[in-house]
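All remarks here apply to the structure that follows.
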Amino acid sequence: MENTDILISGAGIAGPVLAHWLRRNGFNPTVVERAPAPRPGGQTVDLRGAGRTVIERMGLMEQVRALCVDQRGLGLVDRRGRLTARMPVELFDGEGIVSEIEILRGDLADLLYRASAGEVEYLFDDTVTALAEDADGVTVTFENAAQRRFGLVVGADGLHSAVRRLAFGAGDAHYRPLGGHNAWFTVTDRLDLDGWFLMYNAPGGLVASARPGRLPGEVKAGLAFRSGPLAFDRRDTAAQQRLLTERFAGAGWEVDRLLAGMARADDFFFDSVGQIRLDHYTRGRVALIGDAGYSPSPLTGLGTSLALVGAYLLAGELGAARTAGTGHRAAFARYEELMRPYVTRSQELPPGGMNGYAPNSAAMIRLRAASMRMMGRWPMRGILAAQFAKAGDIDLPDYALLAAA
């Protein structure tokens with residue numbers, strides 16, 4: 001592997017983690033990011049299982065804990081805001097739907113960026129537009145920067161990955177819709193959350209949620225709904241918000257206040273709910289990590305774990321192959337071997353899938369609340385514990401120890 005220059009597309013969660021570990025393994029990573037700076041805001045993400053181990057091995061756990069959002073757990077509410085069921089953080093030893101370590105995605109991304117920025121080149125406000133691979137490397141064409149050569153290219157650029165489109169084929173052949181759409185945004189209206197992540201279901205497969213942010217008065221809101229495929233322009237925020245307003249207006253609880261706050265939000269995000277399914281996560285000199293290669297969907301709560309673990313394993317295997325002189329093909333094969341079982345288990349949806357998350361009828365909504373009230377008891381406790389345990393269902397190699405052996 002003569003050329004140790006590696007391009008990483010995406011500066012979210014997976015990209016900076018990969019860059020950090022590649023530097024530790026003697027490579028020269030460059031990260032390109034479409035946004036003009038690390039993306040702020042976003043919803044809370046959880047650190048659990050093997051993903052938590054990766055953060056610990058980076059020496060960042062103390063800083064992560066300092067940025068954690070304090071939440072008491074998940075609570076379901078009815079149209080009038082009365083609690084119908086709740087799942088405290090402690091119920092599954094801090095590994096439940098709301099975990100012991102919850103951090104805003106923007107805070108985590110900024111922390112990971114700062115941990116690598118001093119040693120890694122970042123190209124913001126740019127993206128990859130073409131890849132030309134040959135026996136010795138990849139010639140990359142950017143939208144703004146000059147064309148450059150790299151030994152390898154890694155796509156860490158999310159559900160709509162440009163690298164995946166260029167290297168694995170255009171279109172949505174790898175995307176598996178799960179029957180819904182969701183939106184996330186921040187509002188500053190004071191809602192009486194009392195520290196809880198509150199979720200409200202309305203007939204027609206509507207879901208509204210609100211959870212505390214890290215800053216006083218900050219509320220992280222969500223709106224989701226059941227539907228078949230919808231044609232929408234991902235760049236047309238106004239049209240997306242009109243769609244949500246038409247679907248949710250007058251739905252009950254605090255929904256109208258959330259809709260009013262949505263119009264003022266500067267971090268609004270809307271997309272369909274789905275997974276990325278690929279037969280291989282690598283092709284030639286290109287690899288995919290995180291949502292670009294194996295998005296499990298928000299329904300699983302395991303996207304952050306997959307991103308962290310995938311970045312750690314790919315960098316570690318590339319480092320091991322470089323030491324052994326076996327080249328990137330051996331590293332890619334080992335990365336796939338280790339990652340595939342973890343991804344397969346993580347992409348298994350919780351009981352009910354989208355139907356369970358967004359019930360259509362009032363009767364099914366009542367059943368969902370009754371099921372949550374039973375989650376601390378047999379047999380529901382065992383079923384849910386198995387779902388949450390997937391985050392730790394992999395033995396991470398300690399590459400530092402392997403290199404010293």
Side-chain angles (χ1 to χ4, degrees), residues 43 71-88 91-92 96-98 177-185 187 189 191-212 219-230 232 240-262 270-274 297-301 349-381 383-384 387-388:
Q43 295 292 304
Q71 296 182 53
R72 298 175 62 184
L74 172 67
L76 298 183
V77 295
D78 64 13
R79 185 182 184 88
R80 298 181 182 179
R82 297 171 297 191
L83 272 172
T84 59
R86 61 183 181 178
M87 179 189 292
L91 184 58
F92 289 91
I97 294 176
V98 175
L178 296 177
H181 293 72
N182 63 359
W184 309 103
F185 51 94
V187 299
D189 289 349
L191 274 68
D192 184 16
L193 303 179
D194 194 25
W196 289 89
F197 171 18
L198 298 181
M199 186 176 295
Y200 167 64
N201 290 99
L206 303 180
V207 185
S209 63
R211 62 200 307 176
V219 173
K220 298 298 180 176
L223 297 173
F225 59 89
R226 295 263 299 276
S227 77
L230 295 176
F232 65 93
Q240 295 164 17
Q241 293 187 354
R242 285 196 299 271
L243 170 63
L244 289 165
T245 300
E246 291 168 1
R247 295 251 178 177
F248 280 88
W253 185 49
E254 299 284 2
V255 169
D256 286 343
R257 290 179 66 185
L258 296 181
L259 289 172
M262 175 183 71
F270 177 83
D271 210 338
S272 57
V273 179
S297 88
L299 297 180
T300 68
L349 298 178
M354 195 71 192
N355 295 338
Y357 173 67
N360 265 325
S361 67
M364 292 305 294
I365 291 171
R366 290 192 296 270
L367 181 60
R368 183 184 187 218
S371 296
M372 180 172 284
R373 291 193 294 270
M374 294 292 293
M375 284 183 179
R377 309 174 191 172
W378 184 90
M380 289 298 297
R381 184 181 179 92
I383 295 172
L384 269 295
Q387 176 70 25
F388 301 139

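Positions are given from 1 along the sequence. No hydrogens, no waters, no symmetry mates; every other heavy atom, side chains included, goes into these values.
- For the pair N201 (side chain) and A358 (backbone), a donor-acceptor distance under 3.5 Å is absent.
- At least one side-chain heavy atom of W184 sits less than 4.5 Å from a side-chain heavy atom of N182.
- Of all heavy-atom pairs between P350 and L299, the closest is CG-O, 3.3 Å.
- Interatomic distance, CZ of R368 versus CE of M199, reported as 5.5 Å (0.5 Å rounding).
- Summarising the geometry, atom CE belonging to M372 is positioned 13.5 Å from atom CE belonging to M374; distances are rounded to the nearest 0.5 Å.
- In this structure, the side chains of L76 and W196 stay at 4.5 Å or more apart for every pair of heavy atoms.
- By the neighbour-count criterion of 12 heavy atoms within 6.0 Å, atom CZ of R86 is sparsely surrounded, having that number or fewer from other residues, nucleotides or ligands.
- Considering every non-hydrogen atom in both N360 and G205, the closest pair reads OD1-N, 3.3 Å.
- Using modelled atom types, no side-chain atom of R79 and backbone atom of Y200 make a donor-acceptor pair closer than 3.5 Å.
- The nearest pair of heavy atoms linking L178 to G274 is CG-CA, 3.9 Å.
- Across all their heavy atoms, V187 and M262 have their closest contact at CG1-N, 4.0 Å.
- The closest donor-acceptor contact from the side chain of Q43 to the backbone of A221 lies under 3.5 Å.
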Please lay out, stage by stage, how V98 and M87 fare under the test side chain to side chain contact (heavy atoms under 4.5 Å, CB included). CA-CA 8 Å; V98 175; M87 179 189 292; over 6 Å; no

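- The shortest distance between side-chain heavy atoms of R226 and N355 falls below 4.5 Å.
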Determine, stepwise, if the pair T84 / I365 fulfils side chain to side chain contact (heavy atoms under 4.5 Å, CB included). CA-CA 10 Å; T84 59; I365 291 171; over 6 Å; no

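- Side chain of R72 to backbone of G195: no donor-acceptor contact under 3.5 angstrom is found.
- Nearest heavy atom pair, residue H181 against residue S227, reads ND1-OG, 2.9 Å.
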Decide side chain to side chain contact (heavy atoms under 4.5 Å, CB included) for Y357 and V273; before the verdict, give the C-alpha distance in whole Å, the side-chain angles of both, and the deciding distance to 0.1 Å. CA-CA 12 Å; Y357 173 67; V273 179; over 6 Å; no

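- Shown here for S209 and L258, the closest heavy-atom pair between the two residues is O-CD1, 3.9 Å.
- The salt bridge (Lys or Arg N to Asp or Glu O under 4.0 Å) search around R247 returns none, not counting sequence neighbours.
- The aromatic rings of F232 and F270 lie perpendicular to each other, with more than 60° between the two planes, well past the 30° mark.
- Contact annotation: the side chain of L198 approaches that of W253 to within less than 4.5 Å [non-hydrogen atoms, C-beta and beyond].
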Would L230 and F225 satisfy side chain to side chain contact (heavy atoms under 4.5 Å, CB included), going step by step from the backbone distance to the final call? CA-CA 12 Å; L230 295 176; F225 59 89; 3.8 Å; yes

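- In this structure D192 satisfies the salt bridge (Lys or Arg N to Asp or Glu O under 4.0 Å) test with no other residue, sequence neighbours excluded.
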